[in-house]
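The figures here come from the full heavy-atom set of this structure, side chains too, leaving out hydrogens, waters and symmetry mates. Residues: numbered from 1 along the sequence shown.
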Amino acid sequence: MIYEHNIKIDIPVFKLDSKIAYQTVRRPTVFEKSVLQLFARHSGDLGEYTLEDIAKKLKLCSIFFVEALRYLSDFKAIEFLNGYSIDDGAGLQCNSILITNEGREFLAKNALPSKSKNTTETSYYHPLSGALVGKNQIKTDSYPDVKRLPIEGMNVTLSAVEPLLDEQLRRSWESKANERIESISSQFNGELWDRKTFKIDINHNGNVTPISNDEDFSKWLDGAEAEYLWQYVVSPVFSTNSKTKYLKIDWSQVRDVAPIEKANDLVNKQKPHYVFTLDDSIEVDVATVILAPSSETLLIGKVLTLKECSIEFEAGVDALIVNKSNVGFEFKSGLSEISYRGHPREVDLAIIAQADKKKDEFEQFLLTNDDINVVIFSAVIDCQQAIDRLPNAHVSQVFEYYKKMKQFIPDLHANSFKDKVKRLRHKEEVAEYIQLFEERELLIDILTPDCLITLIDIAIKQSDVMDGLFITQALTDLANPYASLKNKTAVDLLTLSNFELLKLNVPRYKLLNELSDQIDVLYKMLSASVFNNSTLGGLREKTSDALAHFNAKYADPQQINKRVVVIDTNCLMHNLNLLDRVKPSDQLVIPVIVLDELDGLKEDKNEGEWSDKAKRARAAIDRLIQFNSYEPQHLELLEKMDKDALDSPDLKILSVAVYYRLCNSILLTDDKNLRNLANAEGIASQSTQEYLVGSSNKKSKKRKGK
């Protein structure tokens, strides 16, 4: 089990400054080379000649020879015999000057060293590899909080490093043809910090081992003294919270360990499904039960805080984790015993160990507790059982149940909660229910009777029909004709006592019948109590009374499928062939008064002969024998006529047309005044010619269509 990855530690790398004394090499001057050649070849032959003697012979200044010898003697290219020195100057005898082997080498190479020079070079000694390293090999990007090994603990001495420095520096100067080292003097001058990383492994026996992928660091970890490593490398990785209690750990049950300060990371590493915790500082984005008792049981988001709980943890246990595979783990923190290189140690650890038995105990508590918050939370264990355990409630409360439970079960559908909703009490609850459950045809048995009655009354009186109800369409089909009738007549059928105010005509009569039909539809759909206690009961009664009232006064259009044409006497007298040209869509009705008028006209004579009028009257009577549609007068239906003139034949004919007004009747007359009277009663009228022309045009259009 890896306790901690990528632990950083800084290793001191020792900085050494080396002072190097060296000489450079140059070509000799003419005098220097001449002097070397002179004494290399002729020092014995010249005997007691002095430098002054030689200078005179060559007509030169002796000072040049003296200075050349002075420089050569400094580099031991020559040496002086018989007690002479360079201070003797031009008086030096040639046999007292001897060229050395170095001088002969200088002469052979045509090169002379400079005077001594000094330089300083910086080197870096890495104690882990025991070698000198380049600065670019050191990871100096250390973090402020990284632990550092103490310098004095690395046991690095100058005597151990100097041979390495001397060898490396001299080797590096070998490539410098014109320079040579005379001496090297080194000293420590500070340090750099090389960052290394390692990890801590704790096996199932509690043994701790530091591991590094760096070869040099790994060798050093393996070979370093145990106490030094424990003090400066291993133990600083563990927390030092001495307030925690000592825990007895069965390492075979341990699944993961981590530093105390990374306890949350350790819990999240398990990918928990839900967590029971005694410590509300544990932060996970999953369902969490906090067992620290509070004044009340609360469910906020995914966190359930219990008012009381009979379940207890053993000392040192902070949480119980249940992962996605429904396996339980205990999370513990406190002082635990581990082993480092065979010696027991105590450190603070965060530990996760398997604990299925405790998980079962907690789940049993959640599945049997009746607190509503606990019931909702128990969905993390068994969603359907949690829903079944919920109490029935009004829709707004059920919606809250759903929202809270959905936080634990993201794919939860609202329809799972339908059976938990009490009957809906008002329009707002109905709207919320339809939206929550995406209901298209809400059955009326989910509504309280009062709610249903209210919705019906609003639909009828305010033409406000709620969508989504099973009876929505039926209510719409009823509310529309009711509102239309109200708009056309400017009276409310529900409160109407004088049905004549409806001023009934064919369209209004159709609306009244449509209204009656839709009331019957709803009567079959609703219970008797709801129907009678709603607006429907009174509306049904009013509609029925209105229809009965008008059916008693006027011809029932339900029995007649055609337009009724009421014919005046003068139409038959002036154009008898009209009877042959009645439209198929029309039904001819003869007022009884027409027969009376024809009967009176048939006796008219002129000089003992039947008058032309009598002949036309008799012809009309003969033709009417084949008709059986006669209607007596209905003078009581005339509303705008002078009561004193009601005995007029014209008004009697008009009263027949009024009787058929609900059948879309038309009065056919060539009497202009009678047409005016018909207009006053709201009855359509035409002359014979207008009727016949209309019939002819219709036939002509049919022929063209063919």
Side-chain angles (χ1 to χ4, degrees), residues 552-557 559-606 608-692 695:
K553 295 177 63 176
Y554 302 103
D556 185 0
Q559 307 296 322
I560 302 172
N561 298 323
K562 298 181 179 182
R563 181 177 66 165
V564 173
V565 178
V566 178
I567 194 167
D568 187 11
T569 308
N570 55 33
C571 295
L572 296 175
M573 293 294 291
H574 299 150
N575 200 341
L576 188 58
N577 65 351
L578 170 67
L579 298 176
D580 298 323
R581 298 177 64 182
V582 175
K583 300 173 185 177
S585 59
D586 292 340
Q587 177 177 320
L588 192 64
V589 172
I590 310 297
V592 172
I593 189 61
V594 170
L595 295 178
D596 291 343
E597 284 193 294
L598 289 174
D599 192 57
L601 292 173
K602 74 177 181 179
E603 301 298 333
D604 186 53
K605 291 184 179 182
N606 185 11
E609 296 291 333
W610 301 114
S611 66
D612 190 44
K613 185 187 295 185
K615 291 178 181 179
R616 289 198 301 272
R618 287 175 178 273
I621 291 171
D622 290 340
R623 286 294 309 275
L624 290 177
I625 293 175
Q626 59 185 305
F627 288 92
N628 59 2
S629 183
Y630 301 101
E631 186 65 38
Q633 62 193 24
H634 294 278
L635 294 173
E636 74 280 1
L637 299 181
L638 297 175
E639 297 178 355
K640 298 186 178 181
M641 299 298 109
D642 184 357
K643 301 302 180 184
D644 295 334
L646 288 180
D647 199 37
S648 162
D650 284 351
L651 294 183
K652 292 178 180 179
I653 292 173
L654 177 59
S655 73
V656 173
V658 171
Y659 175 70
Y660 285 101
R661 73 187 311 159
L662 301 183
C663 305
N664 196 22
S665 63
I666 182 172
L667 175 61
L668 205 58
T669 179
D670 292 327
D671 186 337
K672 291 183 180 181
N673 187 58
L674 182 54
R675 289 206 295 273
N676 289 335
L677 293 174
N679 185 54
E681 288 291 337
I683 301 299
S685 63
Q686 283 183 338
S687 67
T688 306
Q689 186 62 29
E690 288 173 336
Y691 181 81
L692 293 177
S695 179

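Looking only at side-chain heavy atoms (C-beta outward), Leu646 and Met641 come within less than 4.5 Å of each other. With contacts defined as side-chain heavy-atom distances shorter than 4.5 Å, the pair Arg616/Leu572 does not qualify. Contact of the Ile567 side chain with the Leu578 side chain is registered, since non-hydrogen atoms from C-beta on lie closer than 4.5 Å. No side-chain heavy atom of Asp586 sits less than 4.5 Å from a side-chain heavy atom of Ile666. Using a 4.5 Å cut-off on side-chain heavy atoms (C-beta onward), Leu598 and Met573 make contact. The closest side-chain heavy-atom distance from Ile683 to Arg661 is below 4.5 Å. Annotation: side chain of Tyr659 is not in contact with side chain of Lys553 (no heavy-atom distance under 4.5 Å). Using a 4.5 Å heavy-atom cutoff, the side chains of Val656 and Val594 are not in contact.
Of the inter-residue distances, the one linking Thr688 atom OG1 with Asn570 atom CG reads 6.5 Å to the nearest 0.5 angstrom. Of the inter-residue distances, the one linking Tyr660 atom OH with Arg563 atom CZ reads 15.0 Å to the nearest 0.5 angstrom. The CD atom of Gln686 lies 11.5 Å from the OG1 atom of Thr669; values are rounded to the nearest 0.5 Å. The line from CG of Asn679 to NZ of Lys640 is 9.0 Å long, rounded to the nearest 0.5 Å. A distance of 8.5 Å separates OG in Ser655 from CD in Glu631, rounded to the nearest 0.5 Å. Expressed to the nearest 0.5 Å, how far CD1 of Ile621 lies from CG of Leu595 amounts to 7.5 Å.
Contact detail for Asp670 and Cys571: the closest heavy-atom pair is N-SG, 4.0 Å. The two atoms that bring Ser665 and Ala657 nearest to each other are OG-O, 2.9 Å, heavy atoms only. Shortest non-hydrogen contact noted between Lys602 and Ala614 is O-CB, 3.3 Å.
Here the options are Ile560, Asp556, Val589, Asn561, the test is side chain to side chain contact (heavy atoms under 4.5 Å, CB included), and the partner is Cys663; only Ile560 passes.
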Exercise for the section: Evaluate the side-chain contact (heavy atoms from CB on, under 4.5 Å) criterion for residues Asp612 and Asn606: first the C-alpha distance (whole Å), next the side-chain angles of each, then the deciding distance (0.1 Å), finally the verdict. Expected result: CA-CA 9 Å; Asp612 190 44; Asn606 185 11; over 6 Å; no

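Under 4.0 Å is where a charged nitrogen must lie from a carboxylate oxygen, and between Asp622 and Arg618 no such pair does.
Between the side chain of Glu681 and the backbone N or O of Glu639, at least one donor-acceptor pair lies under 3.5 Å. In this structure a side-chain-to-backbone donor-acceptor pair under 3.5 Å is missing from Asp568 to Ile653. A distance-only check finds a donor-acceptor pair linking the side chain of Ser611 to the backbone of Asp604 [under 3.5 Å]. The closest donor-acceptor contact from the side chain of Tyr691 to the backbone of Val582 lies at 3.5 Å or more, if one exists at all.
Atom CG of Asp647 sits in a sparse spot, with 12 or fewer heavy atoms from other residues, nucleotides or ligands closer than 6.0 Å. At most 12 non-hydrogen atoms from other residues, nucleotides or ligands lie less than 6.0 angstrom from CD of Glu609. The neighbour count for Lys613 NZ, taken as heavy atoms of other residues, nucleotides or ligands under 6.0 Å away, does not exceed 12.
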